[in-house]
2 protein chains.
Amino acid sequence: MKLTTKGRYAVMAMADLASNINSGPISLREISLRQNISVAYLEQIFIKLKKRKLVKSSRGATGGYLLEKPASEIRISNIIFAVDEEVKMLNCKKNSKKGCNNKTTKCITHNLWDELDQHIHQFFEKVKLQDLVKKELN
Amino acid sequence: MKLTTKGRYAVMAMADLASNINSGPISLREISLRQNISVAYLEQIFIKLKKRKLVKSSRGATGGYLLEKPASEIRISNIIFAVDEEVKMLNCKKNSKKGCNNKTTKCITHNLWDELDQHIHQFFEKVKLQDLVKKELN
DNA sequence: CTAATTCCTATTAAAATAGTCGGATTTAAA
DNA sequence: TTTAAATCCGACTATTTTAATAGGAATTAG
Ligand code: FES
Ligand code: FES
């Protein structure tokens, strides 16, 4: 699979935004300080989050980022896919008829990875950003 | 997580063994040909599988590997952990009281990754090697 | 003996990930 | 109108991980 610090950072940063929803735009510098992630790296992540319409930005001094939608409408899967592009357990191309190693039939493990894929996907679909923030308050 | 070609190859190779259970010891060369994996790479994998008592070997000409237990008693998790060592979604040390970035409290996403960990673990626990071989026959 | 195999360690090659750098543009406020 | 703080953008570099190879030693059936 592909779950790297980039994906983790993205979720952390989004949770940070969600926790500070009433403070106007949040600058990357603030997130950087709170979450211990370099501003330059956060920039890369937020470009992608913005492309997927998960956050909106305002530029200039006092600028920063805000959630584009309520935290209750943002799924973890949205965030992960925004920055990591894909969860790929399969070795072969999903929609090709060829298996891995360019064989004409699917390999014996194909179904296993496919099911795992769905499993993980469902997990990320189920959890919303709001759930993380709630948990923190407990 | 850590699911790389090494883990995939290991499952493929074990499934290969399970499918050819009645042919005496299977050499890595045979597996190599059938599954398109280099013998030298398979060697590395089988050393680990053997350490975890998933396969047994016989040396010399006509030597090779056999499953140490029936395919119905080998879980995918056994195989994955044998070669990949760990499934780690968490950024922090699981048994440390410190969070990631050496903070004194767990980060806001800690529980999320922990739950995902368990989710994947359960999936791999549930499926047995035997299940793969059966599916192939369908 | 010989050929085929497991066994073992080390090294290299390739790919993916993480993170930096330098600057351009925008904007609120001094 | 200047300044400082911010987003925006593209390219680059460094680091780590993964994949794979190399070169033998030990074992054993035929
Ligand atoms: S993973 Fe799809 S054919 Fe092997
Ligand atoms: S993942 Fe455990 S504290 Fe961040």
Side-chain angles (χ1 to χ4, degrees), chain A residues 1-13 17 23-33 35-68 80 83-89 91 100-101, chain B residues 1-13 17 23-33 35-68 80 83-89 91 100-101:
Chain A
M1 198 185 39
K2 235 168 134 191
L3 184 53
T4 61
T5 67
K6 196 168 231 162
R8 275 198 283 257
Y9 284 171
V11 176
M12 286 172 80
L17 280 193
S23 326
I26 313 285
S27 71
L28 296 186
R29 198 173 145 273
E30 294 174 69
I31 299 178
S32 168
L33 292 173
Q35 310 296 338
N36 252 282
I37 311 167
S38 84
V39 171
Y41 203 25
L42 281 171
E43 282 176 1
Q44 287 184 18
I45 291 167
F46 273 80
I47 294 280
K48 296 190 175 191
L49 293 173
K50 198 184 169 190
K51 260 187 205 149
R52 297 293 188 103
K53 304 223 185 302
L54 298 176
V55 298
K56 57 190 166 189
S57 64
S58 58
R59 304 185 64 176
T62 78
Y65 289 92
L66 286 173
L67 293 183
E68 171 86 42
I80 298 288
V83 298
D84 273 348
E85 276 109 45
E86 52 178 348
V87 172
K88 65 158 192 192
M89 309 295 334
N91 205 11
C100 40
N101 304 119
Chain B
M1 198 184 39
K2 234 167 135 192
L3 185 53
T4 61
T5 67
K6 194 168 233 163
R8 275 199 282 257
Y9 284 171
V11 176
M12 286 171 80
L17 280 192
S23 327
I26 311 286
S27 72
L28 296 185
R29 199 174 144 273
E30 293 175 70
I31 299 177
S32 168
L33 293 173
Q35 310 297 338
N36 251 283
I37 309 168
S38 86
V39 171
Y41 203 25
L42 281 171
E43 283 176 1
Q44 289 182 16
I45 291 168
F46 273 80
I47 294 279
K48 295 189 175 192
L49 292 174
K50 198 183 169 191
K51 261 188 206 149
R52 297 293 188 103
K53 303 221 184 305
L54 298 177
V55 297
K56 56 189 167 190
S57 64
S58 58
R59 303 185 66 175
T62 77
Y65 289 92
L66 287 172
L67 293 184
E68 171 87 42
I80 298 287
V83 298
D84 275 345
E85 276 109 43
E86 53 178 347
V87 172
K88 65 158 194 191
M89 309 296 334
N91 204 12
C100 42
N101 305 119

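On a predicted model such as this, the values are computed, not experimentally measured, just so you know. First the proteins, then the strands, lettered A, B, ... as listed; each starts at 1.
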Give the table of side-chain donor-acceptor pairs shorter than 3.5 Å for residues 59-68 of chain A, with sequence neighbours excluded, one pair per line with atom names and distance.
none

Side-chain N or O of Thr5(B) closer than 4.0 Å to phosphate OP1/OP2 of dT18(D): no

Minimum-distance nucleotide (side-chain atoms of Tyr41(A) versus dG19(C), dT5(C), dA6(D)): dG19(C)

Spacing of CG belonging to Leu54(B) relative to CG belonging to Leu49(B), to within rounding of 0.5 Å: 5.5 Å

Under 4.0 Å protein heavy-atom contacts per nucleotide of nucleotides 23-30 of chain C, with B for base, S for backbone only and - for none: --BBBS--

For Ser23(B), side chain to side chain contact (heavy atoms under 4.5 Å, CB included) partners two or more places apart: Asn20(B), Ile26(B)

Lys6(B) side-chain proximity, nearest of dA19(D), dA20(D), dT5(C): dA19(D)

Spacing of Leu49(A) atom CG relative to dC8(D) atom C1', expressed in whole Å: 14 Å

Phosphate-side-chain proximity, Tyr9(B) and dA20(D), N/O vs OP1/OP2 below 4.0 Å: yes

Side-chain (Thr5(B)) to main-chain (Arg8(B)) donor-acceptor, under 3.5 angstrom: no

Nearest-angstrom distance from the residue atom CZ of Arg29(B) to P of dA4(C): 8 Å

Gly7(A) or Ser57(B), whichever maps to the more 5' nucleotide of DNA chain C: Ser57(B)

Approximate separation, where rounding is to 0.5 Å, of Leu42(A) CG and Leu28(A) CG: 5.5 Å

Polar side-chain contact Gln44(A)-dT17(C) base: donor and acceptor under 3.5 Å: no

Nearest-nucleotide pick for Thr4(B), side chain only, options being dG19(C), dT5(C), dT18(D): dT18(D)

Value in whole Å for how far the C1' atom of dG19(C) lies from CG of Leu28(A): 15 Å

Heavy-atom side-chain contact between Ile31(A) and Val39(A) under 4.5 Å: no

Side chain to side chain donor-acceptor pair (under 3.5 Å) partners for Lys56(B), two or more places apart: none

Leu42(B) CG to dT5(C) C1', straight-line distance once rounded to whole Å: 13 Å

Counterpart residues, side chain to side chain donor-acceptor pair (under 3.5 Å), relative to Ser32(B) (two or more places apart): none

Spacing between Ile45(A) atom CD1 and dC8(D) atom P, to the nearest angstrom: 14 Å

Sugar-phosphate, base or nothing in reach of Lys50(B), heavy atoms under 4.0 Å: sugar-phosphate

Euclidean distance, atom NZ of residue Lys48(B) to atom P of dA19(D) [Å, nearest integer]: 11 Å

Residue pair Glu43(B) / Phe46(B), side-chain heavy-atom distance below 4.5 Å: no

Gap between atoms CD1 and C1', on Ile31(A) and dA6(D) respectively (whole Å): 13 Å

Sugar-phosphate only, base, or nothing, as touched by Phe46(A) at under 4.0 Å among non-hydrogen atoms: nothing

Protein-nucleotide distance (Ile47(B), atom CD1; dA26(D), atom P), rounded to Å: 15 Å

Five-pair end axes of the helix from dC1(C)-dG30(D) to dA30(C)-dT1(D) and the angle they enclose, rounded to 10°: 0°

Pairing residues for Ser58(A) by the side chain to side chain contact (heavy atoms under 4.5 Å, CB included) criterion, not counting sequence neighbours: Pro25(A)

